[in-house]
2 protein chains.
Amino acid sequence: MGASKSEFFSEQQNELASLFKAISHPARVAIIEYLLKVDSCICGDIVNELPLAQPTVSQHLKELKNVGIIKGNIEGTAICYCLNPDTMKKLESYFSGISSELKSKCC
Amino acid sequence: MGASKSEFFSEQQNELASLFKAISHPARVAIIEYLLKVDSCICGDIVNELPLAQPTVSQHLKELKNVGIIKGNIEGTAICYCLNPDTMKKLESYFSGISSELKSKCC
DNA sequence: TTTTTATATTGCAATATTACGATAAACAAA
DNA sequence: TTTGTTTATCGTAATATTGCAATATAAAAA
């Protein structure tokens, strides 16, 4: 085997895992932080910012977009990417929910 | 190639990516949610809860423990696992920081 | 239309992850 | 010491990810 047994887990668990997988790579964390820094939305100079070739960056952007972490709007020849606030809030509330339920009754 | 170029990213970006990678699998999301539900700490009946063999669960627990998402205390023959509240708070504040900086000046 | 600019896709080699049977290790109880 | 219980590790097959050169696509500019 080797394939993930995702069919045995809930849809929500799979969706969360997909979100985390999308940001489980340092380049994609760096893309998120760069998009946060340049608060107007930037397209392809992410390629200049990162030590990765253009096809690699394009692939990383695609993965972030597929799970809804970023959005991309076509502006002429360029594409303007930005963070999706809804997804960020969803992730924030997931962890704040865990933190508030954790009554530190630990081993 | 194929290896991640992690040496070109910051230590913090790599650490965050490692945390997200640890929870980027539905079984590991399920383990976190199970540990949250049974608020006293449970050891090996995670194996009974999940549709995975014991060595597979053990491996998942190891990955969660390596990055500090869970803690494990030896209690006789068994090991008592629980969530690490510090790490959960770290993740919560990461996303709340992003959300608060995001002024929705988007494309 | 041709050229330029910006981004996406394809194909593939290198590497990493996933899952589990078999086995080992650690410890308590008999 | 032997047995039973619990968890970890090893080895390995199946599959997924990463990165990039080459190439394709799409839209604006000339």
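In this text the structure is predicted, and so the values were computed from the model without any measurement. The sequence lines fix the lettering, A, B, ..., with proteins before strands; numbering per chain opens at 1.
Between B/K62 and the phosphate of D/dT9, there is a side-chain N or O to OP1/OP2 separation shorter than 4.0 Å. OP1 and OP2 of D/dT17 both lie 4.0 Å or more from every side-chain N or O belonging to A/H60. When the side-chain nitrogen and oxygen atoms of A/S58 are compared with OP1 and OP2 of C/dA8, one or more of them lie within a distance under 4.0 Å. Distances shorter than 4.0 Å separate some side-chain N or O of A/Y81 from OP1 or OP2 on C/dA8.
Nucleic acid contact for B/L52: sugar-phosphate only, since backbone atoms but no base atoms lie under 4.0 Å from a heavy atom of the residue. Nucleic acid contact class of A/E63 (heavy atoms, under 4.0 Å, all strands): sugar-phosphate only. Looking at heavy-atom distances under 4.0 Å, A/K21 makes contact with sugar-phosphate atoms alone, never a base.
Annotation: of the two residues near DNA chain C, A/D45 and B/A53, the 5′-most nearest-nucleotide partner is A/D45. Residue whose closest nucleotide on DNA chain D sits further toward the 5' end, between A/I74 and A/H25: A/H25. Toward the 5' end of DNA chain C, the nearer of the two residues B/P55 and A/S6, judged by each one's closest nucleotide, is A/S6.
We find that NZ of B/K5 is positioned 15 Å from C1' of C/dT15, with the value rounded to whole Å. Computed from coordinates, the B/N48 CG to D/dT5 C1' distance equals 13 Å when rounded to whole Å. Separating the CG atom of A/L64 from the C1' atom of C/dA8 is a distance of 15 Å, rounded to the nearest angstrom. Spacing between atom CD1 of B/I23 and atom P of C/dT18 amounts to 13 Å, rounded to whole angstrom units. The separation between A/I79 atom CD1 and C/dT9 atom C1' is 13 Å, rounded to whole Å. Nucleotide D/dT17 holds its P atom 18 Å from the CZ atom of B/F20, rounded to whole Å. For the pair A/I31 CD1 and D/dG19 C1', the computed distance is 13 Å after rounding to whole Å. Following rounding to the nearest Å, B/N14 (CG) and D/dT18 (P) show an atom-to-atom distance of 13 Å.
Ring-plane geometry between B/H60 and B/H25 is classed as tilted, the angle between the planes lying from 30 to 60 degrees on a 0 to 90 degree scale.
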> Where do A/E15 and A/K90 land on the salt bridge (Lys or Arg N to Asp or Glu O under 4.0 Å) test, with the steps shown first?
Replying inline: CA-CA 12 Å; A/E15 198 199 315; A/K90 185 191 285 183; 2.8 Å; yes
> Would B/F20 and A/F95 satisfy ring-ring contact (aromatic ring centres under 6.0 Å, His included), going step by step from the backbone distance to the final call?
Replying inline: CA-CA 12 Å; B/F20 296 134; A/F95 289 110; 7.4 Å; no
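Between the side chain of B/Q13 and the backbone N or O of B/S10 there is at least one donor-acceptor pair closer than 3.5 Å.
In the set D/dG19, D/dA28, C/dA8, D/dG19 carries the atom at the smallest distance from any side-chain atom of A/T56.
In this model, a side-chain donor or acceptor of A/Q54 finds a partner on the base of C/dA8 within 3.5 Å. Within 3.5 Å, no donor on the side chain of B/Q59 pairs with an acceptor on the base of D/dA8, nor the reverse.
A/I46 has its side chain within reach of A/L50: a pair of non-hydrogen atoms, C-beta onward, lies under 4.5 Å apart.
Counted by atom type alone, A/E92 and B/S96 present zero donor-acceptor pairs between their side chains at under 3.5 Å.
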